[in-house]
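Following: one structure in structure tokens, then a few remarks.
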Amino acid sequence: MKSALYLYNTISRKKELFEPVSPPFAGMYVCGPTVYSETHLGHARPFITFDILYRYLMHLGYKVRYVRNITDVGHLENESDDTGEDRIARKARQLNLEPMEVVQKYMNSFHRAMGRLNILEPSIEPRATGHIIEQQNMIDALLRKGYAYESNGSVYFDVEKYSKAYPYGILSGRVLEEMQANSRVLEGQDEKRGQFDFALWKKASPAHIMRWSSPWSEGFPGWHLECSVMSTKYLGEVFDIHGGGMDLIFPHHECEIAQSTAVKGHSPVRYWVHNNMITINGQKMARSLGNFITLDELFTGSHKMLLQAYSPMTIRFFILQAQYRSTLDFSNEALLAASLGLQKLMVAARTLEGLKPSDCSTIDVSGIEEKCYEALSDDLNTPVAIAHLFDVVRIINLVNDGKEKLSSDDIKSLQQLFKTFVYDILGLVQEEGGGSEKLSGVLSILLELRQEAKARKEWSVSDRIRDRLSALGITVKDRKDGYDWEISS
RNA sequence: GGUCGGUUGGCCGAGUGGCUAGGCAUCGGUCUGCAAAACCGGGUACGGCGGUUCGAAUCCGCCACCGACCUCCA
């Protein structure tokens with residue numbers, strides 16, 4: 001058996017042994033995007049982090065149901081005052097589109113970016129607008145239990161009442177009294193009894209397009225409700241893992257716990273897993289701060305802060321080189337380093353495929369696999385796993401240079417190791433240089449001619465071919481027994 | 001102001017009491033017609049002050065600085 005998995009549980013603030021409710025099944029819910037604008041680098045982190053967790057759980061033999069939602073209604077611009085407008089509705093008005101056109105546009109773009117990052121599709125990708133009835137049912141249950149109240153067509157969750165029966169703030173470590181003592185009372189919240197009450201149902205203003213009929217008003221559901229409803233609908237009343245960014249701990253996940261506990265008497269989630277933020281100049285990358293770079297901009301290099309384009313696998317590798325609970329600072333230098341490191345790893349992976357076996361090994365390769373499992377099982381320590389893989393890279397290169405030897409069996413086990421960790425679990429793929437088949441055909445004609453010129457010591461001819469290709473951004477690499485080329489950006 | 005977390009070499013980033021993290025950059029070497037590429041090898045660190053200990057990046061105390069959250073957020 002592979003080593004047991006330990007995950008850091010936000011609610012206990014400890015690493016805990018992962019034991020699913022009903023093995024071999026494992027359920028995981030991750031908060032997906034609100035589809036009202038382009039996906040940026042910060043968004044890539046949770047989806048890559050939980051992609052690794054998804055892949056690793058499957059690799060360990062679990063039958064995983066991975067649910068990742070799409071928020072397509074209910075997420076307000078600003079929940080703290082009554083001018084708060086639904087993000088999607090607002091974007092639709094700005095672009096003069098139907099709200100569902102906005103949703104489709106950004107959902108498509110999100111899926112494209114996820115695909116390029118080689119993020120596996122979740123088992124279920126439910127949408128908030130597809131679960132209005134279920135959300136209304138939950139509101140109804142909360143009203144009957146007395147933890148919600150109607151006010152002017154809207155329905156709110158009664159935090160104060162809830163906190164008398166259950167501990168409110170157990171996930172984020174907050175105490176309601178302290179929050180009340182430490183914050184000002186905001187204007188324009190007449191509808192709510194308590195300032196920390198949150199909306200379950202909002203009455204739509206006459207201009208609001210996204211609206212559904214309900215016993216309380218024509219309106220739309222509150223943001224926190226959809227995750228409670230959709231997670232338990234597809235994963236059960238108690239499920240294993242709930243993931244998302246650390247910035248969602250409060251209020252979003254805290255409210256999820258309150259809602260579900262108020263109805264069922266217990267929280268549905270066993271392991272809360274949160275990834276840290278990607279920072280830029282030491283500050284969180286966020287739309288509201290205007291310091292974000294979209295994934296498309298990274299892939300094409302079309303952002304003024306970028307010195308060059310960075311491939312999807314570079315982004316993936318960059319993120320995996322940090323443990324998911326640490327902040328990760330963006331810079332061109334760091335991305336360039338990731339890009340070169342990844343290249344080294346992937347070139348070695350290709351070298352490994354054609355490595356020549358010897359009768360016996362002069363290097364001990366046993367134990368590396370176990371170290372990789374240990375790293376990943378220790379709360380997904382991908383940087384340590386990658387460090388072990390670079391040890392293998394050094395071995396591959398030494399053997400390839402004839403300085404060390406490996407037996408056929410050892411080469412096979414290293415190939416299996418790379419397949420498991422590099423490709424299957426870390427989800428890295430070989431990226432082509434961007435050249436078409438025709439281009440590589442033309443290049444091989446040119447470079448063969450150059451080899452012949454070199455053989456005749458006609459250096460002016462060989463150098464001219466090399467320099468002219470270089471001017472076009474194609475780097476010629478002379479090898480011991482041939483040549484290779486690469487298109488640089 | 002409250003709560004939580006962080007400060008590691010030129011850069012990114014692991015590591016929680018003694019054992020080389022790793023990558024990028026740099027330096028030295030190998031290879032090479034030259035160059036690039038590739039490969040090998042070396043050096044450089046633990047925010048400050050005090051304490052505990054045979055031994056501290058790691059534990060404790062104080063200080064400084066940075067960040068996240070406190071109903072916008074991945």
Side-chain angles (χ1 to χ4, degrees), chain A residues 10 13 30-34 39-50 75-81 84 87 159 169 172-175 178-179 181-183 186 189 195-199 222-224 243-252 254-255 274-279 282-289 292 317-318 321-323 325-342 344-345 347 351 375 381-391 393-394 397-398 400-401 403 454 457 459 462-463 466-467 470 475-480 483-486:
Chain A
T10 307
R13 292 163 208 281
V30 173
C31 290
T34 301
T39 315
H40 66 68
L41 178 60
H43 295 123
R45 194 162 196 200
F47 304 127
I48 288 174
T49 298
F50 292 103
H75 204 155
L76 301 184
E77 257 331 295
N78 186 352
E79 305 226 351
S80 69
D81 63 47
R87 287 159 180 254
V159 172
S172 55
R174 268 157 237 269
V175 180
E178 287 176 8
M179 286 167 61
N182 282 319
S183 63
L186 296 168
Q189 296 199 327
Q195 62 170 317
F196 296 102
D197 294 354
F198 53 90
W223 175 41
H224 309 308
M246 274 185 184
D247 50 353
L248 297 180
I249 292 172
F250 193 91
H252 187 52
E254 201 69 75
C255 294
H274 292 98
N275 62 278
N276 213 320
M277 302 292 104
I278 288 182
T279 58
Q283 238 194 350
K284 174 181 168 181
M285 182 177 285
R287 281 195 270 245
S288 56
L289 296 170
F292 65 93
F317 190 67
F318 170 67
Q321 272 190 307
Q323 209 270 349
R325 286 191 294 117
S326 306
T327 55
L328 171 59
D329 200 51
F330 161 88
S331 68
N332 277 283
E333 212 178 352
L335 274 175
L336 185 63
S339 145
L340 293 171
L342 173 67
K344 183 173 175 174
L345 181 68
V347 167
T351 306
N381 200 329
T382 50
V384 166
I386 288 170
H388 294 316
L389 292 171
F390 273 107
D391 285 342
V393 168
R394 210 183 77 256
N397 289 330
L398 282 167
N400 194 41
D401 267 21
K403 289 170 183 157
K454 276 179 69 179
K457 300 193 190 301
W459 309 125
S462 69
D463 288 356
R466 182 177 69 194
D467 295 345
S470 173
T475 308
V476 177
K477 302 175 181 181
D478 287 335
R479 301 239 185 253
K480 210 172 284 178
Y483 57 85
D484 200 357
W485 54 271
E486 186 179 74

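Every heavy atom of this structure was used, including side-chain atoms; hydrogens, water molecules and symmetry mates were not. Within every chain, numbering begins at 1; the chains are lettered A, B, ... in the order of the sequence lines, protein sequences first and strands thereafter.
- Nucleotides B/U8 and B/G15 have their P atoms positioned 14 Å apart, rounded to a whole Å.
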Under 3.5 Å between N/O atoms: give me all the protein pairs with nucleotides 2-9 of chain B, atom names plus distance.
unit_1 : atom_1 : unit_2   : atom_2 : d
B/G2   : O4'    : A/Asn182 : ND2    : 3.4

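- Looking at A/Thr351 and A/Asn400, their side chains never bring a donor and an acceptor atom within 3.5 Å of each other.
- At the heavy-atom level, A/Leu342 lies nowhere under 4.0 Å from the strands shown.
- The base-pairing partner of B/C59, taking Watson-Crick or G-U wobble contacts with both distances under 3.5 Å, is B/G51.
- A donor-acceptor pair is defined here as one N or O able to donate and one able to accept, closer than 3.5 Å; no such pair exists between the side chain of A/His252 and the backbone of A/Ile249.
- With sequence neighbours left out, the side-chain hydrogen bond (donor to acceptor under 3.5 Å, both in side chains) criterion links A/Lys477 to A/Glu486.
- Contacts of A/Ser462 with the nucleic acid, taken as non-hydrogen atoms under 4.0 Å apart, include base atoms.
- A distance of 13.0 Å separates CE in A/Met246 from OG in A/Ser172, rounded to the nearest 0.5 Å.
- Toward the 5′ end of RNA chain B lies the nearest nucleotide of A/Ala338, the other residue of the pair A/Ala338 and A/Pro46 mapping further downstream.
- Rounded to whole Å, the P atom of B/C59 lies 33 Å from the corresponding atom of B/G41.
- Residue whose closest nucleotide on RNA chain B sits further toward the 5' end, between A/Arg466 and A/Gln323: A/Gln323.
- What separates CG of A/Leu328 from P of B/G13 is a distance of 6 Å, to the nearest Å.
- In this pair, A/Phe47 does not lay its aromatic ring on the base of B/A74; centres under 5.5 Å and planes under 30 degrees do not both hold.
- Under the rule for a side-chain hydrogen bond (donor to acceptor under 3.5 Å, both in side chains), A/Asn397 has no partner lying at least two apart in sequence or in another chain.
- Among the protein residues, A/Met246 comes within range of no part of the nucleic acid, since none of its heavy atoms lies under 4.0 Å from any strand.
- At whole-Å resolution of the value, CD in A/Glu333 and P in B/C12 are 7 Å apart.
- Taking atom C1' in both B/G10 and B/G43, the straight-line distance is 13 Å, to the nearest Å.
- Here the side chains of A/Thr382 and A/Gln321 are not in contact, with every heavy-atom distance at 4.5 Å or above.
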Practice problem: Go through the steps for A/Arg325 and A/Asn275 under the test side-chain contact (heavy atoms from CB on, under 4.5 Å), then give the verdict. | Solution: CA-CA 5 Å; A/Arg325 286 191 294 117; A/Asn275 62 278; over 6 Å; no
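- B/A21 and B/A45 are spaced 12 Å apart, taking the P atom of each and rounding to whole Å.
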Pairs: protein N or O with nucleotides 37-44 of chain B N or O, under 3.5 Å:
unit_1 : atom_1 : unit_2   : atom_2 : d
B/C39  : OP1    : A/Asn397 : ND2    : 3.4
B/C39  : O2'    : A/Asp401 : OD2    : 2.6

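- Nucleotides B/C19 and B/C11 have their P atoms positioned 24 Å apart, rounded to a whole Å.
- Separating the NE2 atom of A/His274 from the P atom of B/G67 is a distance of 23 Å, rounded to the nearest angstrom.
- Among the heavy atoms of the strands lying under 4.0 Å from A/Asp329 are primed sugar atoms or P, OP1, OP2 only; no base atom is included.
- Here A/Lys284 lies in heavy-atom contact (under 4.0 Å) with a base.
- Under the rule for a salt bridge (Lys or Arg N to Asp or Glu O under 4.0 Å), A/Asp197 has no partner lying at least two apart in sequence or in another chain.
- Base contact: A/Gly42 has a heavy atom under 4.0 Å from a base atom.
- Contacts of A/Asp197 with the nucleic acid, taken as non-hydrogen atoms under 4.0 Å apart, include base atoms.
- B/C24 and B/G42 are spaced 15 Å apart, taking the P atom of each and rounding to whole Å.
- Comparing B/C31 with B/A38, their C1' atoms are spaced 9 Å from each other, to the whole Å.
- Rounded to the nearest Å, the gap between the P atom of B/C60 and that of B/G28 is 44 Å.
- Pairing of B/A14, defined by two Watson-Crick or G-U wobble distances under 3.5 Å, is not identified with any nucleotide.
- The residue A/Gln283 sits close only to the backbone: its heavy atoms come under 4.0 Å of sugar-phosphate atoms, none of a base.
- In this structure, A/Arg45 has no side-chain hydrogen bond (donor to acceptor under 3.5 Å, both in side chains) partners at least two apart in sequence or on a different chain.
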